[in-house]
Amino acid sequence: MLSLRNFDIKFVKGIGPERAKLLTSELGIHTAYDLLRLYPTSYIDRSRTYSIRSLHQATGEFPYLQIRGRFVSFNVLGEGASMRLIGLFTDGTATIDCVWFKGVREVRNRLAAGHEYVLFGKPSFFRETLQMTHPEVDPPERIDAGPKVRAVYPLTEKLRQRNLGSKVIHAAITNFLLTRKAPFAETLPPSIVKSQGLMGLDEAIRTIHVPVSSEALAQARKRFKFEELFYIQTDMLMRSRKRKLQVQGFIMPRIGQWFNDFYNTCLPFDLTGAQKRVIKEIRADIVSGRQMNRLVQGDVGSGKTLVALMAMLLAIDNGYQACLMAPTEILATQHFETISGLAAQIGLNVRLLTGSTRAKQRRVIDEGLRDGTIHILVGTHAVIEDKVVFKNLGLAVIDEQHRFGVAQRAKLWNKNTVPPHMLVMTATPIPRTLAMTVYGDLDVSVIDELPPGRKPVNTVLRFDEQRSQVQKGIRAQLDAGHQVYIVYPLVEENEKLDLKSVNEGFEAASELYAPYKVALVHGKMKPAEKDSNMQRFASGEASVLVATTVIEVGVNVPNATTMVIENAERFGLSQLHQLRGRVGRGADKSHCILMSKHQIGSDTRKRLELMTSTTDGFVIAEADMQMRGPGDIEGTMQSGLPFDLRIANLAQDGQIIELARRAAESLLDADPALQAPENRTFAHALSMMLNRATDWSRIS
Ligand code: ADP
Ligand code: MG
């Protein structure tokens, strides 16, 4: 099978040089191997034929389907680029327009009115006319003789227009499989295939393209899902095992004066049990002699910042510097203020570095970092720039790590002769199976306890017609001396519209809630303006903050008791949870009001109602993952996956992830470097798989 990687796609019968070029540019298919690994997205049953009349009566989106009948007439309309061919087609029950924008002459010459054809495509209504664009057209004999179940491949619009549809691909693949009698040699370790009861590679390849039964198809799909996840788990485990063996870490055995003074004199409250436990886990890492790579997961408000600070104090006690990196300027500033506020009494030297730090200040910081007088540097991406040089960086903390890519984390590794310990914090709790994949080679700590006295945020769903009631409630909160957030969505596609609504929201709130002051913050503002407005709210001068999701993460204003989210239906669950986490930080009862249009679909309603029924971040994350596509999740995670998943689904294949993880562990326990003869083929296949991706092998 692996040798097919040298089999140029253009030599596959039925493809040829022209189509090869298209397949390469559109789908990244270069070789026969890639072609066989183009997994079908679905299958169609060609034993079923629809009547055109039934299509006229249908509503909603059509699937790809087949009709059978004759062309009544052909018409070429328009000229040049807008030339199109319309074929009026009937099966005796009704008619449908078939439309071609490309290859008009060729199609016109190939088809004849009056002959019987089978058409396959996706019908739609265009200006109330039923039509099918670029259908596949076959004589009935060919369909009747062909396979009844046919695979549908993930294609692009361009491929379809160029007549390179599923039919062509399927024909090329089946033909290739027919002529290749020799079985494809297994690439997974034989012991794994056996212990997992997997379908063999040869049978699985043939089955996934030409299924003989739905049971066989399920087995084939399971095998390929497992294979993908097994590659990933094996790779991650090998890397983390290797790193643990090879990458040295600074040894920080001392619990010294900084830590003790802080603990005894500055800490305004007792640590929660979970905070203590995580600090212990961190401590075990930093005395081990190996580099720490630890992820701390903790729901919003669980007190991660404090844990980070205590870890940094340990580093400082041992003569090292520490840094804390946050994804936004607001957040970095807030961390800076929290930390310098907490540690003021013990004389810790903490500095803030962001994109807007002035040159003069910057020089002071540069000097302090180089001569070691700065203990902690807090900042944004500015911290990882090459020109930021530490005397002796021992610990780097990254907050809200899903906002940072792997490459950015990688840069921190090079800030000292031995890579500093890494502590990564996230408030986006992710389900365990996903963590296994996305953070497969990080050690994970969980802060699963909120500081005492927190009252769950009362969450309600309200519709536009209840607005005046909501406004009364807000007014009452303001009169009681509390502060209020009003958040608007801001998504890229209709940035202008969204900007308009947040601005209008600001105007309206300023009028409605006078004399209370209202501040405005959104992503299109200059950082300085944003910061000063944010500051007005944080200091309590402004009572209402109208904002877009820039405040989503980390902002901490305990006196704010109400969070109003406009157009809540447009937010994802995790995002809503993050936003809600901005309130309920003080001792007072807090409220989160999800505002929505009245007409929302049942799925949306279900999502919003889930928010009103639970405040458990893990429950929400799990539900979010089920409801959104996995692609979405991979995107938001900026995942460290070594290659794109083609068939496995992180949201749905949790069970297979676990199997793959355990199988990878047992394989590597028996053969740590994959050098046993029976695992060679797999080792080779794995390295081929990974070679295509960027080499992040040193980085976790
Ligand atoms: P997050 O995990 O969301 O980053 P923070 O670190 O911002 O949470 O903490 C949220 C709030 O809880 C802060 O105001 C912080 O001072 C407070 N806090 C943290 N730990 C404790 C504790 N053990 N007891 C009481 N309050 C705490
Ligand atoms: Mg935080």
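In each ligand, atom 1 is the first atom listed, and ligand 1 is the first ligand listed. Residues take their numbers from the sequence shown, with the count starting at 1.
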Task: Side chain, backbone, both or neither: the part of L271 lying under 4.0 Å from ligand 1 by heavy atom - done: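 Only the backbone of L271 comes within reach of ligand 1.
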Open item on the list: For Q275, which part has a heavy atom under 4.0 Å from ligand 1: side chain, backbone, both, or neither?
Closed with: side chain
Subset of ligand 1 atoms that lie under 4.0 Å from at least one heavy atom of [X]:
X	result
D299	2 (O)
R585	3 (O), 7 (O), 10 (C)
T305	4 (O), 5 (P), 6 (O), 7 (O)
T272	23 (N)
D270	22 (C), 23 (N), 24 (N)

Report all side-chain donor-acceptor pairs from residues 277-290 shorter than 3.5 Å, counting only partners two or more places apart or in another chain.
from: R277; atom 1: NH2; to: V446; atom 2: O; distance (Å): 2.5
from: E281; atom 1: OE1; to: S445; atom 2: OG; distance (Å): 2.5
from: R283; atom 1: NH1; to: P253; atom 2: O; distance (Å): 3.3
from: D285; atom 1: OD1; to: R294; atom 2: NH2; distance (Å): 3.4
from: D285; atom 1: OD2; to: R294; atom 2: NE; distance (Å): 2.6
from: D285; atom 1: OD2; to: R294; atom 2: NH2; distance (Å): 3.3
from: S288; atom 1: OG; to: D285; atom 2: O; distance (Å): 2.8
from: S288; atom 1: OG; to: R290; atom 2: N; distance (Å): 3.1

Open item on the list: Check this for me - ligand 1, G303, N or O atoms closer than 3.5 angstrom, yes or no?
Closed with: yes
Task: Stepwise side chain to side chain donor-acceptor pair (under 3.5 Å) check, N567 with E569 - done: CA-CA 5 Å; N567 290 113; E569 74 279 0; 3.2 Å; yes
Task: Stepwise side chain to side chain donor-acceptor pair (under 3.5 Å) test for Q477 and T561 - done: CA-CA 8 Å; Q477 289 290 321; T561 52; 2.7 Å; yes
TODO: Answer with yes or no whether S302 contacts ligand 1, where contact means a heavy atom under 4.0 Å from a ligand atom.
DONE: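 For ligand 1, residue contact (heavy atoms, under 4.0 Å) with S302 is present.
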Task: contact_flag P558 ligand 1 heavy-atom lt 4.0 Å - done: no
TODO: Take R580 and T615 through the side chain to side chain donor-acceptor pair (under 3.5 Å) test and state the conclusion after the steps.
DONE: CA-CA 9 Å; R580 177 167 62 186; T615 51; 5.6 Å; no
Show me, pair by pair, the donor-acceptor contacts under 3.5 angstrom made by side chains of residues 306-321, not counting sequence neighbours?
from: D317; atom 1: OD1; to: Q257; atom 2: N; distance (Å): 3.2
from: D317; atom 1: OD1; to: W258; atom 2: N; distance (Å): 2.9
from: D317; atom 1: OD2; to: G256; atom 2: N; distance (Å): 2.8
from: D317; atom 1: OD2; to: F259; atom 2: N; distance (Å): 3.0
from: N318; atom 1: OD1; to: R254; atom 2: N; distance (Å): 2.9
from: N318; atom 1: ND2; to: R254; atom 2: O; distance (Å): 3.0
from: N318; atom 1: ND2; to: L314; atom 2: O; distance (Å): 2.7
from: Q321; atom 1: OE1; to: K391; atom 2: N; distance (Å): 3.0
from: Q321; atom 1: OE1; to: N392; atom 2: N; distance (Å): 2.7
from: Q321; atom 1: NE2; to: L369; atom 2: O; distance (Å): 3.1
from: Q321; atom 1: NE2; to: I374; atom 2: O; distance (Å): 3.1

Open item on the list: Could you check whether atom CG of D270 has more than 12 heavy atoms from other residues, nucleotides or ligands sitting under 6.0 Å from it?
Closed with: no
- [ ] May I ask you to test the K415-V388 pair for a side-chain heavy-atom distance under 4.5 Å?
- [x]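 The answer is yes, as the side chains (C-beta and beyond) meet within the 4.5 Å cut-off.
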